[in-house]
Amino acid sequence: MNISKTQRRRVAAAMSLATVLALAATACGDDGSSSGNEGSGKGEITFWDNNGGPRTAVWTEIIKDFEKKYPDIKVKYVPIPIADVQSKYDTAIAGGGLPDVGGVGTAYLANMVSQEALEPLTGRIKDSSLNGKLVEGMVESVKSAGGRGDDMYSVPTSANNGALWYRTDLFKAAGLEAPTTWANFYAAADKLTDTKKNKFGYTIRGGAGSIAQAMDAAYGQSGITDFWNGDKTTLNDPKNVAALEKYVALYKKTTPAADVNNDFTKMVAQWDTGTIGMLSHNLGSYQDHLKALGKDKFAGVPNPIGDSGTRVQVSNPVDGLGLFRSSKNKTAAWKFIEFAASHASNSKWNESAGAIPANTEAAKDPWISAAAPTELAAKALTDGSTKIVQLPYYLPDWNNISKADNEPEFQKLLLGKTTAKAFLDKIADELNKAQKEWKELGNG
């Protein structure tokens, strides 16, 4: 009998949890000290950046500030490309070599928690300067994604939000309204396209990271606001199927053919050349656009409003910092996490990334109102105008199902080799099975 990669991962996660439960039955419980130790609070610690490259410069500054405050601690910085981070963690969990501290997003948090790789942090946060200083919504997202009740397995540092970036100069020249509605979006995509002159209205993400963007487009248009209907996902609801069909029909009609292979780096670079009208990406590319185009040639708005008059979008992962159980110097590692999530450092990092700070004091800093897209995104998430479809980050298989396992299927969809219904049915079936098995382990 052939066993799929997804099934093997589920079995591994189940065995991992079963082992932990068995140990808990015969011991006093796992407080995170079963491996590694607190250490001296001095010496070298290793930090893995989960978006190495784009965020290297700002992390270098924060590390320099930290080492100035704590001269007895040195931080070894290791940049990990965002596309490789989960595989790097999985390999290190299986074979050793984990860092002391690492960037951990909620999209793959549950997978790491199920493998018992991370230290629970609730008590450390409570006894630290971060107590009461973290945005409650991000705290709840981290708890939910960890899948273990009120336990927190990372300190949230930022939240991102999807943005529809558009060229204000091109829109003005064409007499177009801002793409604040899906109707305006499709009209603009068509009018700004002139394939003979290599000009396109939109660039669609067909490479790594494509599925979350496709889900955002589907739910944004359908107006469905719940990911689950009982124990079954709404992902393949006929309304979502119709919405996705309309969205992928843009490929090669109002988008470049190269989009089928483009990840966010290539897509952003392509848009910044100035020949494409619109781009869907998160706030993280704001600085790239600013450098390439200048502040007067582009703007960003949250997800377009649907026919119902309501803006619907899928939830975005919350980024954070995790402390690894295997660390031999947890005291020093925690000092670094606490420093990085403090007001000054958290503000510095998020201003550089164009993201929404997790530190409540940083979230009030003046630069947020000066960065219009970030201000709009923060407002959309807090003023009640946006309905958020909460994605099931708590499923250990979520990151694999929603990324590498099905990204080739989305490319087939763009190329007309499968249908929107078949594509969504496949993912829905995998998610329904993952949800059932998760609940059978006593969750939910």
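Values in this document were obtained by computation on a predicted structure and should not be read as measured data.
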Side chains of residues 68-85: which donor-acceptor pairs under 3.5 Å do they make with residues two or more places apart or in other chains?
residue: Y77; atom: OH; partner: D49; partner atom: OD2; Å: 2.6
residue: Y77; atom: OH; partner: T56; partner atom: OG1; Å: 2.9

Report all side-chain donor-acceptor pairs from residues 248-255 shorter than 3.5 Å, counting only partners two or more places apart or in another chain.
residue: Y251; atom: OH; partner: A257; partner atom: O; Å: 2.6
residue: T255; atom: OG1; partner: K252; partner atom: N; Å: 3.0

Which donor-acceptor pairs under 3.5 Å do the side chains of residues 285-294 make with protein atoms, sequence neighbours left out?
residue: S285; atom: OG; partner: W165; partner atom: NE1; Å: 3.4
residue: S285; atom: OG; partner: H281; partner atom: ND1; Å: 2.9
residue: S285; atom: OG; partner: N282; partner atom: O; Å: 3.3
residue: S285; atom: OG; partner: H289; partner atom: NE2; Å: 2.9
residue: H289; atom: ND1; partner: D272; partner atom: OD1; Å: 2.8
residue: H289; atom: NE2; partner: S285; partner atom: O; Å: 3.4

Expected list for residues 332-341: side-chain donor-acceptor pairs under 3.5 angstrom, two or more places apart:
residue: E338; atom: OE2; partner: S129; partner atom: N; Å: 3.0
residue: E338; atom: OE2; partner: S129; partner atom: OG; Å: 2.7

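Judged as a ring pair (Phe, Tyr, Trp, His ring centres under 6.0 Å), the pairs with a partner in residues 400-423 (not counting sequence neighbours) are, in order, F410-F423. Pairs of residues two or more places apart, or lying in two chains, that qualify as salt bridge (Lys or Arg N to Asp or Glu O under 4.0 Å) and include a residue from residues 159-179 are R167-D169. Within the structure, salt bridge (Lys or Arg N to Asp or Glu O under 4.0 Å) contacts touching residues 296-307 (residues at least two apart or in different chains) do not occur. Annotation: salt bridge (Lys or Arg N to Asp or Glu O under 4.0 Å) contacts involving residues 352-378, sequence neighbours excluded, comprise K133-E361. Within the structure, the salt bridge (Lys or Arg N to Asp or Glu O under 4.0 Å) test picks out the following pairs touching residues 413-424 (sequence neighbours left out): K421-D425.
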Exercise for the section: Show the numbers, then the answer: is there a side chain to side chain contact (heavy atoms under 4.5 Å, CB included) between L176 and K191? Expected result: CA-CA 9 Å; L176 290 165; K191 191 167 185 178; 3.8 Å; yes
Exercise for the section: Could you walk me through whether E61 and K64 pass the salt bridge (Lys or Arg N to Asp or Glu O under 4.0 Å) test, one step at a time? Expected result: CA-CA 5 Å; E61 286 187 36; K64 184 178 179 180; over 6 Å; no
Problem - Verdict with supporting geometry, L109 and Y393, side chain to side chain contact (heavy atoms under 4.5 Å, CB included) - result: CA-CA 8 Å; L109 179 63; Y393 300 125; over 6 Å; no
Problem - K433 and D429: CA distance, side-chain angles, deciding distance, side chain to side chain contact (heavy atoms under 4.5 Å, CB included) verdict - result: CA-CA 6 Å; K433 289 177 180 177; D429 181 60; 3.3 Å; yes
Exercise for the section: Begin with the C-alpha distance, continue with both residues' side-chain angles, and end with the deciding distance and a verdict on side chain to side chain contact (heavy atoms under 4.5 Å, CB included) for I63 and F47. Expected result: CA-CA 10 Å; I63 290 169; F47 165 55; 4.3 Å; yes
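A donor atom on one side chain and an acceptor atom on the other are not found under 3.5 Å apart for S158 and W349. Using a 3.5 Å distance cut-off with no hydrogens or angles, the side chains of D319 and T157 do not pair a donor with an acceptor. Of the N and O atoms on the side chains of T203 and D259, at least one donor lies less than 3.5 Å from an acceptor on the other residue. Side-chain contact, T193 with Y202: no donor N or O sits under 3.5 Å from an acceptor N or O. In this model, no donor atom of one side chain and acceptor atom of the other lie less than 3.5 Å apart for Y108 and D90. The closest side-chain donor-acceptor pair between Q313 and N161 falls under 3.5 angstrom.
Looking at E407, its side chain does come within 3.5 Å of a backbone N or O of G209 through a donor-acceptor pair. With Y219 contributing its side chain and L235 its backbone, the two residues share a donor-acceptor pair below 3.5 Å. Here the side chain of T273 pairs a donor or acceptor atom with the backbone of Q270 at under 3.5 angstrom. N236 contributes no side-chain N or O that, together with a main-chain N or O of V241, makes up a donor-acceptor pair within less than 3.5 Å. Panel note: side chain T360, backbone V135; no donor-acceptor pair is recorded below 3.5 Å. At least one donor-acceptor pair under 3.5 Å links the side chain of N346 to the backbone N or O of A358. No donor-acceptor distance shorter than 3.5 angstrom exists from the side chain of S154 to the backbone of P156, with no hydrogens or angles considered. A donor-acceptor distance shorter than 3.5 angstrom exists from the side chain of S210 to the backbone of G207, with no hydrogens or angles considered. With hydrogens and angles ignored, the 3.5 Å screen pairs a side-chain donor or acceptor of T122 with a backbone N or O of M152. Looking at E140, its side chain never comes within 3.5 Å of a backbone N or O of E136 through a donor-acceptor pair.
Q86 is listed as a side-chain neighbour of N111, based on a closest heavy-atom distance under 4.5 Å. Side chains of I125 and L134 form a contact here, defined as non-hydrogen atoms less than 4.5 Å apart. Residues Y394 and R148 form no side-chain contact, since every pair of their non-hydrogen atoms from C-beta on lies 4.5 Å or further apart. For the pair V142 and T106, the minimum side-chain heavy-atom distance is below 4.5 Å.
For N131, the CG atom sits in a packed shell: over 12 heavy atoms of surrounding residues, nucleotides or ligands are nearer than 6.0 Å.
The two residues W367 and A355 make their nearest non-hydrogen contact at CH2-O, 3.3 Å. In terms of heavy-atom proximity, A434 sits nearest to D397 at CB-CB, 4.4 Å.
The distance from the OG1 atom of T275 to the CG atom of L192 is 11.0 Å, given to the nearest 0.5 Å. To the nearest 0.5 Å, atom NE2 of residue H343 and atom CG of residue N359 are 6.5 Å apart. Note that CD of Q435 is 11.5 Å distant from CH2 of W398, once rounded to the nearest 0.5 Å. The OG atom of S342 lies 7.5 Å from the CG atom of L130; values are rounded to the nearest 0.5 Å. Interatomic distance, N303 CG to F185 CZ, rounded to the nearest 0.5 Å: 9.5 Å. The distance from the CD atom of Q390 to the OG1 atom of T225 is 11.0 Å, given to the nearest 0.5 Å.
In this structure, the side-chain hydrogen bond (donor to acceptor under 3.5 Å, both in side chains) partners of K348, at least two apart in sequence or on a different chain, are D65. Applying the side-chain hydrogen bond (donor to acceptor under 3.5 Å, both in side chains) test to R205 and every residue at least two apart in sequence or in another chain returns nothing. Under the rule for a side-chain hydrogen bond (donor to acceptor under 3.5 Å, both in side chains), the partners of K426 that lie at least two apart in sequence or sit in another chain are N406, E430.
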